[in-house]
Amino acid sequence: MSNFPGKGKVAVIKTHPATVLQDYARVMELAGFRQALPKDNTTALKINISWQTWYPACSSAPWQIEGVARALRAAGYTDIVGAHNDTVVVDARDGEFNNKHRFVTDMLGIPCVYLYHEDFEWFEYKPKQPFLVLDKVFPEGVFIPKALVGKNIVHLPTVKTHVFTTITGAMKNAFGGLLHRHRHWTHSVIHDTLVDLLMIQQDIHPGIFAVMDGTFAGDGPGPRAMRWHEKDILLASADQVAIDAVSAKLQGFDPMSLRFIRAAHERGLGVGDPKQIEIVGYDINQESAWNFKQTDTFASKGQKMIYHGPLKPLENLLLRTPLAPWSFFASNFYHNVYWYPFVGRPRVEAALKTKWGQLFKEYGDGNVVMPGMEPRTVAVAASGLALLATALIAGGIFLARKN
C-alpha cells in the first residue's frame, strides 16, 4: 500500500459551530474520502478517548463524530461502527459518556465495538516486512484484534501535543486500537512503534482515512494537561503521515524533525515533507504562528527517567512486573487528584464560555461532568500515606528504644 489514492494530499478548512457538520463533509470531499474508502467494506470510526473527563482538544469532539458519520452515510456508507479502546490510566466507559460520544453514536444508531472486552479474539500478526521494534518489545508475538481486520478505518484524532511524540494525531490514534493493554511497554520506542503500526494498518485495512478536529487545539504537556486554544480548523486525508505533518507544521514544529514522521516518510508509507504535500482548501500560510510548545508534567518527567534516563535499567522491573500498577496510580493521582481539580477545572469552565464550549453543552442533556478529586485514587493515596506514616512511626520508636 505504498501508493494509494490521496497520498501526499491534505484538505484543510476553517469552520464555525453553525456550519461545522457541513464543513466536515466538505473537508472529507476535498481530501477524496470516496476514493480512499471502499463502500463494500464495514467502516470503523476509531474514536479517541485520551481522558475519561472532558477537556478541550483532549478526545474526539462529538461534532467530529457526528459530522464524519453523517458525511459517510450521505455518501452511501451504510455499515458504520464505532471502535473504542481503554488504557491502563483511562476509563473508556466513563469517557464515552463524559465526552458525549455515546450520545452521538446512539442518536445516529451506530453500534460500537469495545476492543477491551475479553470476548474479542486477538491473533498473532505476521508482518510481510520486518518490524522496526514490535517484535523486540513483544518477543512472544504481536497480537492484534481480529475485529478490525478487513474493515475500513477512519481515525478521529484532535490537534494537540504529546509528552512522548511531540504531537499526536492520526498515526498515534492506531496505538490504542491495535495493541493490547501492555502497549505502554513500547513507550521507550514509541516513534518506531507508530511506524510499525502504520505498516500493519496498510496491510489489514482496505481503506484508511483520518479526519482531525482543531476547533479546540491543545499545546503543552498533552494529551491531557494542556493549554487549549480556539483554532477553528479541520483537516482530512487518506495519508496518515501527511495529515500529521500538516498538523505539526500548524503547531509550529518541523515535521521532518519528528522521528515517527520522518521514518514513515522514508519508508514510503506516506508523505511527511511539507514541501511535497499538496494542501487543498484553506491556505495555512494565512495562519498566524501558533507557536505551540511540547512540555512535560511531573508525571511524564518521571516516566522519561525510566524510558531514557538513569532509571532505564529498572524499566522491566518497574513497568513489566507486579510492581507496574504504581506507575498507573502515579499518573492517575497527578491528573485526577491534583491537576484537573486545581488547574484543569478552571480552564474547562473558561472553555465552556466559548463558542465551541457552548456547542459541547448542547449535546446530550446539556450537562458537563466536571469531577473533583477522583475518590478511588484519593482512597488509595490515603491508605498509602497511612501505611507510610505507620512505618515511619514504628521506625522512630524502634530507633528511640535502641538509643
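A salt bridge links Glu96 with Arg102: at least one charged nitrogen is closer than 4.0 Å to a carboxylate oxygen. Looking at Arg345 and Glu349, a side-chain N of the basic residue comes within less than 4.0 Å of a carboxylate O on the acidic one, giving a salt bridge. We find that Arg259 and Asp192 are joined by a salt bridge, their nearest charged nitrogen and carboxylate oxygen being less than 4.0 Å apart. Ion pair Arg227/Asp219 flagged as a salt bridge, since at least one NZ, NE, NH1 or NH2 atom sits closer than 4.0 Å to an Asp/Glu carboxylate oxygen. The pair Arg26-Glu29 does not meet the salt-bridge criterion, since no charged nitrogen lies less than 4.0 angstrom from a carboxylate oxygen.
When every heavy atom of Asp244 is checked against every heavy atom of Ile167, the shortest pair comes out as O-CD1, 3.7 Å. The heavy-atom pair separating Val159 from Gly214 by the smallest distance is CG2-CA, 3.7 Å. Closest of all the heavy-atom pairs between Pro5 and Gln35 is CG-O, 3.7 Å. Closest approach of Phe209 and Ala31 over heavy atoms only: CZ-CB, 3.6 Å. Residues Gln240 and Ala170 come closest through the heavy atom pair OE1-CB, 3.3 Å. Nearest heavy-atom pair across Glu230 and Trp356 is OE2-CD1, 3.3 Å.
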Next on the checklist: Would Thr354 and Phe216 count as a side chain to side chain contact (heavy atoms under 4.5 Å, CB included) here? Give the steps.
Outcome noted: CA-CA 10 Å; Thr354 68; Phe216 281 119; 3.3 Å; yes

Checklist entry - Can you check side chain to side chain contact (heavy atoms under 4.5 Å, CB included) on Phe138 and His182, steps first, answer last? => result CA-CA 9 Å; Phe138 304 112; His182 288 156; 4.2 Å; yes

Checklist entry - After noting the C-alpha distance and the side-chain angles of Leu45 and Val154, does the key distance pass the side chain to side chain contact (heavy atoms under 4.5 Å, CB included) rule? => result CA-CA 5 Å; Leu45 306 180; Val154 178; 3.9 Å; yes

Item to check | Chi angles and distances behind the side chain to side chain contact (heavy atoms under 4.5 Å, CB included) call for Lys14, Glu287 | outcome: CA-CA 10 Å; Lys14 298 292 276 189; Glu287 281 287 291; 2.8 Å; yes

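A side-chain donor from one of Gln201 and His155 sits under 3.5 Å from a side-chain acceptor of the other. Neither side chain, Asn98 nor Trp51, offers a donor N or O lying under 3.5 Å from an acceptor on the other. Of the N and O atoms on the side chains of Tyr77 and Asn152, not one donor lies less than 3.5 Å from an acceptor on the other residue. For the 3.5 Å distance criterion, the side chains of Asn336 and Asn332 qualify, holding a donor opposite an acceptor. Defined by atom type and a distance below 3.5 Å, a donor-acceptor pair is missing between the side-chain atoms of Ser237 and Asp239.
Residues His16 and Asp23 form no side-chain contact, since every pair of their non-hydrogen atoms from C-beta on lies 4.5 Å or further apart. A heavy-atom distance below 4.5 Å is found between the side chains of Thr186 and Leu134. By the 4.5 Å heavy-atom criterion applied to side chains, Glu315 and Arg320 are counted as neighbours. Within the 4.5 Å cutoff, the side chain of Trp339 has no heavy atoms near those of the Thr297 side chain. Put simply, the side chain of Asn99 reaches to within 4.5 Å of the side chain of Ile49, judged on heavy atoms. Val137 has its side chain out of reach of Phe131: every pair of non-hydrogen atoms, C-beta onward, lies at least 4.5 Å apart. Between Arg267 and Gln129, the closest side-chain pair of non-hydrogen atoms is not below 4.5 Å. Put simply, the side chain of Lys293 does not reach to within 4.5 Å of the side chain of Thr161, judged on heavy atoms.
Judged by distance alone, with hydrogens and angles left aside, the side-chain atoms of Tyr114 form no donor-acceptor pair with the main-chain N or O of Arg93 at under 3.5 Å. One N or O on the side chain of Thr105 and one on the backbone of His101 form a donor-acceptor pair closer than 3.5 Å. Side chain of Lys9 to main chain of Ala242: no donor-acceptor pair is present (N/O by atom type, distance under 3.5 Å, no hydrogens or angles). Judged purely by atom type and a 3.5 angstrom limit, His229 has no side-chain atom pairing as donor or acceptor with the backbone of Lys231. His265 places no side-chain N or O within donor-acceptor distance of the main-chain N or O of Val271, the cut-off being under 3.5 Å. Judged by distance alone, with hydrogens and angles left aside, the side-chain atoms of Thr158 form a donor-acceptor pair with the main-chain N or O of Ala57 at under 3.5 Å. No donor-acceptor pair under 3.5 Å is formed between the side chain of Lys361 and the backbone N or O of Val368. Formation of a donor-acceptor pair under 3.5 Å by the Asp213 side chain with backbone atoms of Leu156 is not found in this model. Thr43 contributes no side-chain N or O that, together with a main-chain N or O of Ile80, makes up a donor-acceptor pair within less than 3.5 Å. Between the Lys7 side chain and the Gly268 main chain, a donor and an acceptor come within less than 3.5 Å of each other.
One distance of note links CG of Leu258 with CE of Met171; it measures 10.5 Å at 0.5 Å rounding. Rounding to the nearest 0.5 angstrom, the gap separating the CG atom in Leu178 from the CG atom in Leu194 is 11.0 Å. Atom CG of Leu132 is separated from atom CG of Leu197 by 10.5 Å, given to the nearest 0.5 angstrom. Note that the OG1 atom of Thr215 and the CG atom of Leu234 stand 7.0 Å from one another [nearest 0.5 Å].
Other residues, nucleotides and ligands contribute only 12 or fewer heavy atoms inside 6.0 Å of the NZ atom of Lys249. The 12-atom threshold is not exceeded at CG of Asp40, counting heavy atoms of other residues, nucleotides or ligands nearer than 6.0 Å. Enclosure of atom NZ in Lys355 by more than 12 non-hydrogen atoms of other residues, nucleotides or ligands within 6.0 angstrom is indicated.
With sequence neighbours left out, Phe175 forms a ring-ring contact (aromatic ring centres under 6.0 Å, His included) with His187.
Between Trp63 and Phe360, the ring-plane angle classifies as perpendicular under the 30° and 60° cut-offs. Between Trp290 and Phe292, the ring planes are tilted. Angles from 30° to 60° get that label.
A cation-pi arrangement, defined by a distance under 6.0 Å to the six-membered ring centre and an angle within 45 degrees of its axis, is absent between Lys146 and Phe123.
Arg224 pairs in a side-chain hydrogen bond (donor to acceptor under 3.5 Å, both in side chains) with only one of the listed residues (Ser300, Ser50, Ser331), which is Ser331.
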Solution key, residues 66-75 side-chain donor-acceptor pairs under 3.5 Å, sequence neighbours excluded:
from: Glu66; atom 1: OE1; to: Tyr363; atom 2: OH; distance (Å): 2.7
from: Glu66; atom 1: OE2; to: Arg70; atom 2: NE; distance (Å): 2.9
from: Glu66; atom 1: OE2; to: Arg70; atom 2: NH2; distance (Å): 3.2
from: Arg73; atom 1: NH1; to: Leu108; atom 2: O; distance (Å): 2.9
from: Arg73; atom 1: NH2; to: Leu108; atom 2: O; distance (Å): 2.9

